[in-house]
2 protein chains.
Amino acid sequence: MTARDRDRRAEILAGAAALFAEKGVATTTVRELADAAGILSGSLYHHFESKDHIVEEIVISYVDDLRRGYDRALAEEQEPRARLVNLIRVSLEVAERHHGATEIYLNELQSLRSLPRYGTIRRARSAMRKAWIATIESGIQAGAFRSDLDPQVVYRLIREAVWRSVRWYRPTAAYPVERFASDCASIFLDGLTTPGPRVS
Amino acid sequence: MTARDRDRRAEILAGAAALFAEKGVATTTVRELADAAGILSGSLYHHFESKDHIVEEIVISYVDDLRRGYDRALAEEQEPRARLVNLIRVSLEVAERHHGATEIYLNELQSLRSLPRYGTIRRARSAMRKAWIATIESGIQAGAFRSDLDPQVVYRLIREAVWRSVRWYRPTAAYPVERFASDCASIFLDGLTTPGPRVS
DNA sequence: GCCAACCAAGCAAGCGCTAGGTTAGGATCG
DNA sequence: CGATCCTAACCTAGCGCTTGCTTGGTTGGC
């Protein structure tokens with residue numbers, strides 16, 4: 001595989017990810033993928049086995065990146081609150097690098113089950129879930145987080161709110177990803193209510 | 001239109017909503033819709049003009065119901081915190097009544113734009129957005145909610161977290177929708193951090 | 001006997017994918 | 001160093017299938 005070949009593949013994948021994210025995988029045709037790459041549909045099959053293999057490559061590269069980010073985030077931090085902030089920040093950063101893949105993963109996880117290498121996706125998904133749940137549970141045990149809420153419920157609410165932000169949030173100079181991440185973390189950790197004098 | 005006819009239509013719509021939610025609109029065929037209703041695909045066209053009209057009817061009945069619920073929720077309550085709780089509760093209750101439609105609306109809002117009566121959907125969507133934003137902004141002005149967060153960001157985070165819960169939450173006797181709604185509200189209003197002595 | 005509800009059959013368009021031919025550019029060799 | 005060959009990259013053309021939808025005919029309850 002030459003450098004030129006790798007570039008071409010990456011180019012096709014980038015265009016495909018954007019199209020899949022915009023119109024959905026099923027409704028995007030191989031002819032549209034080829035158009036985006038400036039070739040004819042048949043020529044796609046010189047680079048990829050099938051349309052499904054293109055989808056697969058996009059999604060797996062995303063979940064692998066995300067899983068590695070979570071591992072690093074948890075390794076360099078022990079304190080529950082800081083860990084949660086890190087998980088949110090990494091989720092947003094990786095979503096930024098894999099913008100199209102994130103939408104595909106969010107919208108069409110169901111249909112990905114039929115892919116040949118779905119096991120890889122499932123394992124990464126499970127590992128990421130564990131990272132969130134472990135962080136929340138250890139926070140509860142350490143007394144930092146409330147114990148009256150189901151960790152599963154908390155995890156799912158945070159995950160959906162954060163990941164789905166790819167639909168409406170894009171980093172800008174005025175509102176960079178670091179500040180958005182800390183805002184998200186602050187809402188979930190401190191709440192929307194005005195901080196005032198409290199007696200426990 | 002006889003009562004029997006209305007029943008048959010409702011039956012077809014219910015089956016279609018479930019299928020569309022499960023597999024996506026584009027990947028669900030009219031033959032599958034007909035199978036679910038126990039008839040042949042051609043017979044669908046006695047009840048509906050087209051596949052698109054079926055989708056449209058499902059989604060519009062959902063957003064109309066939701067918009068009416070929001071109007072009622074805001075009319076019977078003035079206090080910002082209670083208003084926010086009401087909006088969350090209504091969203092979950094209507095999502096329960098229109099389970100399939102909620103998923104369609106969440107997953108495929110983009111593709112709904114090509115529908116003939118999309119204007120109706122857009123107007124309802126805009127009215128609902130206003131209900132959320134007005135509630136959050138009035139809470140900030142009344143001093144009940146923090147003023148350091150963008151109301152748009154708060155709105156979108158809450159909306160996504162709450163609406164997407166149709167993917168994983170179903171009401172049970174052990175965890176009814178009222179308690180789930182109050183848990184959601186509590187996370188967003190009070191935060192995950194242990195309530196402790198605070199000095200303003 | 002009428003008409004709402006359904007069936008039987010199939011059409012045109014679009015789908016993913018394939019087979020075989022063309023081209024350009026680097027490697028090989030006398 | 002020019003001729004020859006090879007191969008990656010692409011094109012041309014179209015196959016087999018599924019799709020949403022249509023048409024004309026059938027049926028059974030009022």
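This one's a predicted model, so the numbers in the text were calculated from it and none came from an experiment.
Distance check: B:Leu157 CG to A:Asp183 CG gives 9.0 Å after rounding to the nearest 0.5 Å. In this structure, the separation between OG on B:Ser43 and CZ on B:Arg8 is 9.5 Å, given to the nearest 0.5 Å.
Looking at residues two or more places apart in sequence or on another chain, you find no salt bridge (charged side-chain N to carboxylate O under 4.0 Å, His left out) involving A:Arg122.
The side chain of B:Val30 lies closest to D:dG20 when the candidates are D:dA9, C:dA5, D:dG20.
The phosphate of D:dC10 (OP1 or OP2) has no side-chain N or O of A:His46 nearer than 4.0 angstrom. Residue A:Tyr45 has no polar side-chain atom (N or O) positioned under 4.0 Å from OP1 or OP2 of C:dT18. Here B:His47 does not reach the OP1 or OP2 of C:dA4: none of its side-chain N or O atoms lies under 4.0 Å away. Within the 4.0 Å cut-off from OP1 or OP2 of D:dC10, at least one side-chain nitrogen or oxygen of A:Arg8 is found.
Listed by residue number, A:Thr28 are the residues of residues 16-28 of chain A with a heavy-atom contact under 4.0 Å to DNA chain C. Within residues 31-44 of chain A, the residues having any heavy atom under 4.0 Å from DNA chain C are, by residue number, A:Arg31, A:Ser41, A:Gly42. Contacts of residues 109-117 of chain B with DNA chain C (heavy atom under 4.0 Å): none.
Using cut-offs of 30° and 60° for the angle between ring planes, the B:Tyr169 and B:Phe180 rings count as parallel.
Scanning all heavy atoms of the two residues, the minimum distance from B:Thr102 to B:Trp163 falls at CG2-O, 4.3 Å. Across all their heavy atoms, B:Ser114 and B:Ser111 have their closest contact at OG-O, 3.1 Å. Residues B:Pro171 and B:Glu96 share a closest heavy-atom pair of CD-OE1, 3.1 Å. Counting all heavy atoms, side chain and backbone alike, B:Leu149 lies closest to B:Ile140 at O-CD1, 4.3 Å.
Taking atom CZ of A:Phe48 as the reference point, atom C1' of C:dT18 lies 18 Å away to the nearest angstrom. One interatomic measurement links the two molecules: NZ of A:Lys51 to P of C:dG14, which rounds to 16 Å at whole-angstrom precision. With rounding to whole Å, B:Arg9 atom CZ is found 15 Å from C:dA4 atom P.
Under a 4.0 Å N-O distance rule, the pair A:Arg156/A:Asp150 does not qualify as a salt bridge. For the pair A:Arg81 and A:Asp190, the salt-bridge criterion is met [side-chain N within less than 4.0 Å of a carboxylate O].
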Could you go through B:Glu93 and B:Arg89, starting from their C-alpha distance and side-chain angles, then the distance that decides it, and tell me whether this counts as salt bridge (Lys or Arg N to Asp or Glu O under 4.0 Å)?
CA-CA 6 Å; B:Glu93 283 169 358; B:Arg89 185 178 41 76; 3.4 Å; yes

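A donor atom on one side chain and an acceptor atom on the other are found under 3.5 Å apart for B:Asn107 and B:Arg167.
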Per-nucleotide protein contact string for nucleotides 24-30 of chain D, where B marks a base within reach and S marks sugar-phosphate only (heavy atoms under 4.0 Å, - for neither):
-------

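Applying the side-chain hydrogen bond (donor to acceptor under 3.5 Å, both in side chains) rule to pairs touching residues 28-40 of chain B yields B:Lys23-B:Glu32, sequence neighbours excluded.
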